[in-house]
Chemist: 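This is the structure I want to talk about, given as structure tokens.
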Amino acid sequence: MPIMRTVASQLAAGATAAVAGTVTSVNPADLADTVAEVQLTDAAGFVAATRAARAAQPGWAAVPAPVRGQVIASIGRIVEANKAALAALVTREVGKPFAEALGEVQEIVDTCDFFLGEGRRLYGETVPSEMPDKQLFTFRVPVGVAAVITAGNFPVAVPSWYLVPALLCGNAVVWKPAEYAAASAQAMYDLFAAAGLPDGVLQIVHADGPATFGGLEQALGQRLVDKVGFTGSSAVGERIGELCGRHLQSPCLELGGKNPMVITPAADLALAVEGALFSGFGTAGQRCTSLGTVIVHDDVHDAFVDALTGAVAAARIGDPREDVLYGPLLAPRFAERYEQYLTWVGDHHAVRGATGRIGADNPRDGFVGDPGKGLFYHPVVVDNVRPDDRLFLEETFGPIIGVTRYGDLAEAIELANLPGYGLSSSIYTTDPTEAFRFRAGVGAGMVSVNNSTSGAEAHLPFGGNGRSGNGSRQSGRWVLDQFTRWQAMNWDYSGRLQKAQMDTAAI
Ligand code: UN1
């Protein structure tokens with residue numbers, strides 16, 4: 001059942017958009033199944049959306065924050081009522097197992113629940129002045145218009161991490177979702193729109209990379225956009241950061257990861273194997289928080305690797321509508337890149353695959369089932385990966401993990417930080433000293449103890465450092481700093497001109 005949409009229909013009255021081709025999203029588990037054909041806009045269409053958003057924003061900001069919170073609550077209820085349908089579409093369009101897709105939709109509901117309350121809390125402060133008869137205050141004010149550009153591996157939950165707080169804070173939002181997940185994004189947009197947001201306050205724009213960059217550049221230049229939120233690759237994040245920097249803007253960047261998991265001699269090995277299996281292969285390794293390298297102590301290396309390869313061999317991979325560890329890769333473009341990667345791995349490594357070796361000459365040996373039907377790949381574990389290896393240093397975005405040995409904890413921490421990313425991390429140990437030492441030494445924004453590198457909860461700060469981002473944080477109350485700016489106010493009721501620093505009351 002293809003879904004046809006035009007961009008122009010999403011724009012507020014008066015805005016215009018040219019159609020710049022169409023994009024087709026396919027079911028990655030069944031390439032013959034076309035999920036959506038979506039018309040793309042050009043750079044001018046992107047700019048028109050930001051202009052319409054700017055026109056709508058002051059009216060929305062004038063709505064009291066608790067009332068905006070009620071609209072957010074309605075979004076949550078509407079999404080919850082459509083949970084199974086939206087999750088089924090996510091499964092069909094990006095191949096995420098249905099149970100995970102349900103969890104993803106639940107994350108939108110959780111985010112709405114959290115920000116409903118925040119509408120009654122957007123606190124400022126009363127601050128003492130250094131002078132008598134004078135009072136100082138702080139207020140949170142909306143930034144204005146947010147341009148949000150998101151990936152398709154979490155086609156609805158991660159966008160909601162931007163959309164919900166940005167709207168709650170009184171901003172208008174122009175959202176550019178991943179083209180290969182356009183139907184899921186459109187369905188989510190329709191649910192949000194049904195909650196009664198004023199016209200123009202939330203806009204969805206389907207555009208390809210060049211149109212998005214071109215449109216963003218123009219919109220930033222014309223001061224139509226006040227905040228850019230981007231989730232995607234580190235390479236694109238760098239370009240967005242550069243573009244924003246030229247306009248003195250600091251974007252919210254959530255980028256890639258090469259997330260380490262340290263297994264110490266004090267670990268519960270069975271638990272660690274379960275954690276590595278889910279972290280490395282859940283969502284086919286296509287989460288930004290997916291496990292990249294297991295850094296395992298010499299003393300437990302052999303036992304861990306044997307148990308892990310056994311668990312990998314027993315895992316079910318296949319139709320994401322069923323109870324599987326993971327389904328296909330997200331979309332053909334990701335499969336192409338991953339195949340190139342597998343070819344390289346086949347050339348350079350002895351591979352301990354669950355169900356076969358990756359051949360140097362034929363990367364399609366990596367396939368599960370019929371390569372013409374769906375983008376399914378075997379899980380791969382590569383042992384004894386050296387720290388100067390591509391596999392150790394680069395994000396793979398596929399179902400492959402490396403294993404590297406260490407001797408003492410300081411070395412493990414150094415290895416964990418070596419790739420220069422800093423999103424998520426994990427340590428398996430029953431020794432609290434090791435856990436705290438790891439927490440203090442690792443450069444990641446998120447640390448799990450005896451748990452997966454992935455699976456962040458919706459009300460803790462989410463984000464990374466280094467190549468994983470610019471230190472911005474999403475989720476929970478921390479994200480309010482992305483979508484509001486502090487305004488300071490002083491009020492002098494002394495009846496005379498008091499001069500700061502020069503007129504401080506004598507003690
Ligand atoms: C992402 O892959 O972009 O921590 C975000 C997790 C998810 C979010 C991942 N809740 O696995």
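First listed ligand is number 1; within each ligand, the first listed atom is number 1. Residue indices begin at 1 and follow the sequence shown.
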Chemist: Within the supplied structure, the quantity of interest is the number of heavy atoms (other residues, nucleotides, ligands) at a distance under 6.0 Å from Arg140 CZ; does it exceed 12?
Modeler: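 More than 12 heavy atoms, drawn from other residues, nucleotides or ligands, come within 6.0 Å of this atom.
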Chemist: Determine the minimum heavy-atom distance between Ser424 and Pro260, stating which atoms define it.
Modeler: O-CD, 3.3 Å
Chemist: Polar contacts were defined as any N/O atom of the residue lying under 3.5 Å from an N/O atom of the ligand; does this apply to Val158 and ligand 1?
Modeler: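 N/O-N/O distance below 3.5 Å does not exist for this pair.
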Chemist: With heavy atoms of Ala456 as the reference, note each atom of ligand 1 found under 4.0 Å away.
Modeler: 4 (O), 6 (C), 10 (N)
Chemist: So for atom CD, which belongs to Glu394, do other residues, nucleotides or ligands contribute more than 12 heavy atoms lying within a distance under 6.0 Å?
Modeler: yes
Chemist: What protein heavy atom lies closest to atom 7 (C) of ligand 1? Include the residue and the distance to one decimal.
Modeler: Phe154 CZ, 3.6 Å
Chemist: Checking Arg246 against Glu217 for the salt bridge (Lys or Arg N to Asp or Glu O under 4.0 Å) test, could you report, in this order, the C-alpha distance in whole Å, the side-chain angles of both residues, the deciding distance, and whether it holds?
Modeler: CA-CA 10 Å; Arg246 289 211 290 275; Glu217 191 158 19; 3.0 Å; yes
Chemist: Which bit of Glu107 is near ligand 1, meaning a heavy atom under 4.0 Å away: side chain, backbone, both or neither?
Modeler: side chain
Chemist: Which of the atoms of ligand 1 are close to Asn153, meaning less than 4.0 Å from one of its heavy atoms?
Modeler: 1 (C), 2 (O), 3 (O)
Chemist: Which of the numbered atoms in ligand 1 are below 4.0 angstrom from a heavy atom of Arg287?
Modeler: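 In order of numbering, the contacting atoms are 2 (O), 6 (C), 11 (O).
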Chemist: Against the six-membered ring of Tyr326, is Lys96 placed for a cation-pi contact (under 6.0 Å from the centre, within 45° of the normal)?
Modeler: no
Chemist: I need the atoms of ligand 1 closer than 4.0 Å to a non-hydrogen atom of Ser454, numbered in the order shown.
Modeler: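 Once the distances to Ser454 are compared, the set is 4 (O), 11 (O).
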Chemist: Does any N or O in the side chain of Asp113 come within less than 3.5 Å of the main-chain N or O of Gly76, such that one atom is a donor and the other an acceptor?
Modeler: no
Chemist: Flag Thr231 as yes when one of its N or O atoms lies below 3.5 Å from any N or O atom of ligand 1, and as no otherwise.
Modeler: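 Looking only at distances, the answer is no, because the N/O contact criterion of under 3.5 Å is not met.
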Chemist: Identify, for atom 2 (O) of ligand 1, the protein heavy atom at the shortest distance, and state residue, atom and that distance.
Modeler: Cys288 N, 2.7 Å
Chemist: Can you tell me how far the CG atom of Leu89 sits from the CG atom of Asn82, to the nearest 0.5 Å?
Modeler: 11.5 Å
Chemist: Of all the heavy atoms in Phe397, does at least one lie under 4.0 Å from an atom in ligand 1?
Modeler: no
Chemist: Does an N or O anywhere in Gly455 fall below 3.5 Å from an N or O of ligand 1?
Modeler: yes
Chemist: Near Trp161, which atoms of ligand 1 are under 4.0 Å from a heavy atom of that residue?
Modeler: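 Under 4.0 Å from Trp161, ligand 1 has these atoms: 8 (C).
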Chemist: Using the six-membered ring wherever Trp is involved, compare the ring planes of Phe397 and Phe334 and label them parallel, tilted or perpendicular (cut-offs 30° and 60°).
Modeler: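 Ring orientation, 0 to 90° scale: tilted.
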